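These notes are about the structure you will find just below.
Because the structure is a prediction, the values reported are computed rather than measured. Because only heavy atoms are used, hydrogens play no part in the values below, and waters and symmetry mates are left out as well, while side chains stay in. Chain naming here is simple, since letters A, B, ... match the order of the sequence lines and numbering starts at 1 in each.
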Amino acid sequence: MSSDTVRVRFAPSPTGFLHVGGLRTALFNFLFARKTGGKFILRIEDTDRTRYVEGAVENLIKTLHWAGLEYDEGPIAGGDYGPYVQSERTDIYKKHIEILLEKRVAYRCFCTPERLEQMRKEQEKKRLSPKYDRRCLLLSEKEVQDSIASGKPFVVRMKVPEHVPVRFSDIIRGEVEFMSDRVDDQVLLKSDGYPTYHLANVVDDHLMKISHVIRGEEWLSSTPKHVLLYEFFGWELPKFAHLPLLLNPDRSKLSKRQGDVAVEDYRAKGYLKEALVNFIALLGWNPGDEREIFTLEELEKEFSLERVNKSGAVFNIEKLNWLNFQHLRRKPDTEVLAMLKEYLTHSQNSLQFTVHSSQFDDQYLLSVIGAMRERVTFVKDFVEKSPYFFQAPKAYDPAVVKKRWNQQTPEHLKVLVDEFSQLVSPQKKDYEAALHRAAESSKIGNGGLIHPLRLAVSGMGEGPGLFDIVLILGKEETIRRINLAIERIK
RNA sequence: GGCGCUAUCGUCUAGUGGCCUAGGACGUCGCCCUCUCAAGGCGAAAACACGGGUUCGACUCCCGUUAGCGCUACCA
């Protein structure tokens, strides 16, 4: 490229949902663009009509937007180098195929898929690496013209030069070299008139003035084909950076079967975009110091390709959970409140809220958030880990009953109810003092009352400070629950 | 099979020849705090794949072995 402006692209093919590996590739491209003041471009690689999925493009854009990775040029948004959807650029590819044909660095191939398959089988039998045998390269000009005239379907293949080293420099991996003999005469234009990835990719990257090709490591092996194509056209090579793969816990390439791979899945499970972005940024990249928690804005400032690793990284859900916890904790109350309300309205059906009718005012929810903040990883945990703030206990944890509840407990709690009943607009310290008085008059330790009370109001043996719970629930509800527990726990 | 890439605690990683008796984080375990559970604090167990070189000196450089992964389509 003549200018030194950084232009990078994320070029997914719309075959379904956005894969977390794809999001990572998109993120690194985005961060590199932001860091260098360059442009981040979205290009849709939909040249395989058989794999096209309805709505996939919209979903891709939606998911990228959710993650905060806004593109500067691309479908819908537009830009000076469009269209950004490859299926709308077929004329461009055809024009470039003509150039290659003209230069004799590409040729038409009339071989049928059946013959190709047969050929491959035989090569495999002889333990040769499968490679097109160049039969159609031997066709005379007349034979070619006749075949075209007779309407025989054909593809266009690149003519790979024999026995020359193909070298390129990868920002992450250094110098990489392949011998051209190992490179197949790759199909560039399919018989349906659509280009293959290899052609479309090179043509578009050049035409869109892409300065850095940042993509997954699975593309490293086909890069020689691309390098050759740039040479054929006489174009300057972009810089390459092949990112390490994301792996399953068993170190195979990240896939379904072993968990969720769609960004949508994580979003649906309640993961914050901040956590997911932070997590995948750390998969293959690190700042060089000991910081772990990053916002997207911080990543934009810190990122560099030089600090990207070479080896694959296992997608470790435990750390993602921890990051979700960290990012959730850092959110202001008002934001958490909005998320909690959103969650509550969507889960109304499965829960029967019995506290304070079915509506919880902001003040109430805010106090629940304050009490549970240190104890939740997901927004849903506010309800799942402390359901007692939303409904009276339906059952009492048997293990806790066994440990904290004895024959005298109901008597002691009755004394406590008396003490609580006399309180007027009690504060936390008032409940505490009342409990102390009740314990004293029953001649038991505070713990003998605290634990049963916790069980009575929450049904479980864990949670925020007991007096925080009682204060949040309020005097009436607390007394109601104590009486309920006395009736129900035997 | 061929070609290519990779190789530090279970996992993510720091480390660019002496600072390494290898640092941090997640997870695990223990202790402290404490009405419980968390959070927090403190601490523990836990790694340089192997073998050769190069060098006064290798986790770091080179070679080989092994292992893992990727590619090997008219898919991207």
- Task: Provide the distance between the two P atoms, one in B:U11 and one in B:A46, to the nearest whole Å.
- Result: 16 Å
- How long is the gap from CD1 on A:Ile214 to CD1 on A:Ile172, to the nearest 0.5 Å? 7.5 Å
- Task: Would you kindly compare A:Pro244 and A:Glu290 by the position of their nearest RNA chain B nucleotide and give the one closer to the 5′ end?
- Result: A:Pro244
- If you draw the axis of the six-membered ring of A:Tyr271, does the NZ or CZ of A:Lys269 fall within 45° of it and under 6.0 Å from the ring centre? no
- Please tell me if the side chains of A:Arg330 and A:Glu274 come closer than 4.5 Å, counting only heavy atoms from C-beta onward. no
- Message: Work out how far the P atom of B:C61 is from that of B:U6, and round it to whole angstrom.
- Response: 12 Å
- Query: Considering only the P atoms, how many Å lie between B:C9 and B:C50, rounded to the nearest integer?
  - Reply: 10 Å
- Can you tell which of B:G23, B:G2, B:A7 lies closest to the side chain of A:Ser311? B:A7
- Roughly how many Å is it from CG in A:Asn309 to C1' in B:G15, rounded to a whole number? 12 Å
- Query: For A:Arg307 and B:G15, is the shortest distance between a side-chain N/O and OP1 or OP2 below 4.0 Å?
  - Reply: yes
- Would A:Asn29 and A:Arg9 count as having a side-chain donor-acceptor pair, cut-off 3.5 Å? no
- Note on the structure: B/S/- along nucleotides 30-35 of chain B (protein heavy atoms under 4.0 Å) is -----B
- Query: Starting at CG of A:Asn278 and ending at P of B:A25, how long is that distance when rounded to a whole Å?
  - Reply: 16 Å
- Item | Value in whole Å for how far the C1' atom of B:C3 lies from CG of A:Leu128 | 14 Å
- Task: Rounded to the nearest angstrom, tell me the gap between atom CZ in A:Arg373 and atom P in B:G40.
- Result: 14 Å
- Backbone of A:Val85 reached by a side-chain donor or acceptor of A:Arg89 within 3.5 Å: no
- Item | Watson-Crick or G-U wobble partner of B:C59, both distances under 3.5 Å | none
- Task: Quick one: label A:Arg329 by what it contacts on the DNA or RNA (base, sugar-phosphate, nothing), any heavy atom closer than 4.0 Å.
- Result: sugar-phosphate
- Item | pair A:Val176-A:Phe240: side-chain heavy atoms closer than 4.5 Å | no
- Message: Can you confirm whether A:Val160 sits close enough to A:Asp184 that some side-chain heavy atom of one is under 4.5 Å from a side-chain heavy atom of the other?
- Response: no
- Item | P-based separation of B:C3 from B:A58 [nearest Å] | 33 Å
- Task: Any strand is fair game: report the nucleotide pairing with B:C19 by Watson-Crick or G-U wobble, both distances under 3.5 Å, or none.
- Result: none
- Beyond-backbone contact of A:Asn248 with A:Leu254, side-chain heavy atoms, under 4.5 angstrom: yes
- Item | Watson-Crick/G-U partner (both atom distances under 3.5 Å) of B:C69 | B:G4
- On the ring face of A:Phe303, is A:Arg307 found with NZ or CZ under 6.0 Å from the centre and within 45° of the axis? no
- Message: Tell me every residue that passes side chain to side chain contact (heavy atoms under 4.5 Å, CB included) with A:Lys301, counting only those two or more places apart in sequence or in another chain.
- Response: none
- Task: Write down the distance separating the P atoms in B:C59 and B:U21, rounded off to the nearest Å.
- Result: 10 Å
- Would you please indicate if the ring centroids of A:Tyr71 and A:Phe10 are separated by under 6.0 Å? no
- Mind checking who B:C50 pairs with, Watson-Crick or G-U wobble, both distances under 3.5 Å? B:G64
- Please measure how far the C1' atom in B:G23 lies from the corresponding atom in B:A14, and state the result in whole Å. 6 Å
- Result for 5'-nearest mapping on RNA chain B, choosing between A:Arg375 and A:Pro249, is A:Pro249
- Item | Whole angstrom value for the distance that separates P of B:U36 from CH2 of A:Trp405 | 19 Å
Tabulate protein N/O versus nucleotide N/O from nucleotides 26-29 of chain B, keeping only pairs under 3.5 Å, one per line.
residue	atom	partner	partner atom	Å
B:C26	O2'	A:Glu318	O	3.4
B:C26	O2'	A:Lys319	N	3.3

- Under 4.5 Å between any side-chain heavy atoms of A:Pro161 and A:Leu228, yes or no? yes
- Item | Spacing of A:Phe178 atom CZ relative to B:G2 atom P, expressed in whole Å | 16 Å
- Query: Does A:Asn286 put a side-chain nitrogen or oxygen below 4.0 Å from OP1 or OP2 of B:G15?
  - Reply: no
- Identify whether any heavy atom of A:Tyr132 sits under 4.0 Å from a base atom; if not, whether one sits that close to sugar-phosphate; answer base, sugar-phosphate or nothing. nothing
- Message: Centre-to-centre under 6.0 Å for A:Phe279 and A:Phe315, is that the case here?
- Response: yes
- Whole-Å P distance, B:C69 and B:U28: 28 Å
- Message: Does anything in residues 159-166 of chain A come within less than 4.0 Å of RNA chain B? Heavy atoms only, and list the residues if so.
- Response: none
- Task: Would you list the pairs meeting salt bridge (charged side-chain N to carboxylate O under 4.0 Å, His left out) in which at least one residue belongs to residues 447-458 of chain A, sequence neighbours left out?
- Result: none
- Using the C1' atom in both, what is the distance from B:C31 to B:A45, to the nearest Å? 15 Å
- Task: Starting from P on B:C37, measure out to CD on A:Glu374 and report it in whole angstrom.
- Result: 16 Å
- Message: When you compare the side chain of A:Phe389 with that of A:Ile469, does any pair of heavy atoms fall below 4.5 Å?
- Response: yes
- Task: Rounded to the nearest angstrom, tell me the gap between atom NZ in A:Lys310 and atom P in B:U60.
- Result: 14 Å
- Task: Treat primed atoms plus P, OP1 and OP2 as sugar-phosphate and everything else as base, then score nucleotides 61-76 of chain B 5' to 3': B for base contact with protein heavy atoms under 4.0 Å, S for sugar-phosphate contact only, - for none.
- Result: -------SSBSSSBBB
- Message: For A:Trp219 and A:Tyr197, take the angle between the two ring planes, folded into 0 to 90°, and tell me which bin it lands in: parallel under 30, tilted 30 to 60, perpendicular over 60.
- Response: parallel
- Message: Taking pairing as Watson-Crick or G-U wobble with both contacts under 3.5 Å, can you name the mate of B:C26, or confirm there isn't one?
- Response: B:G10
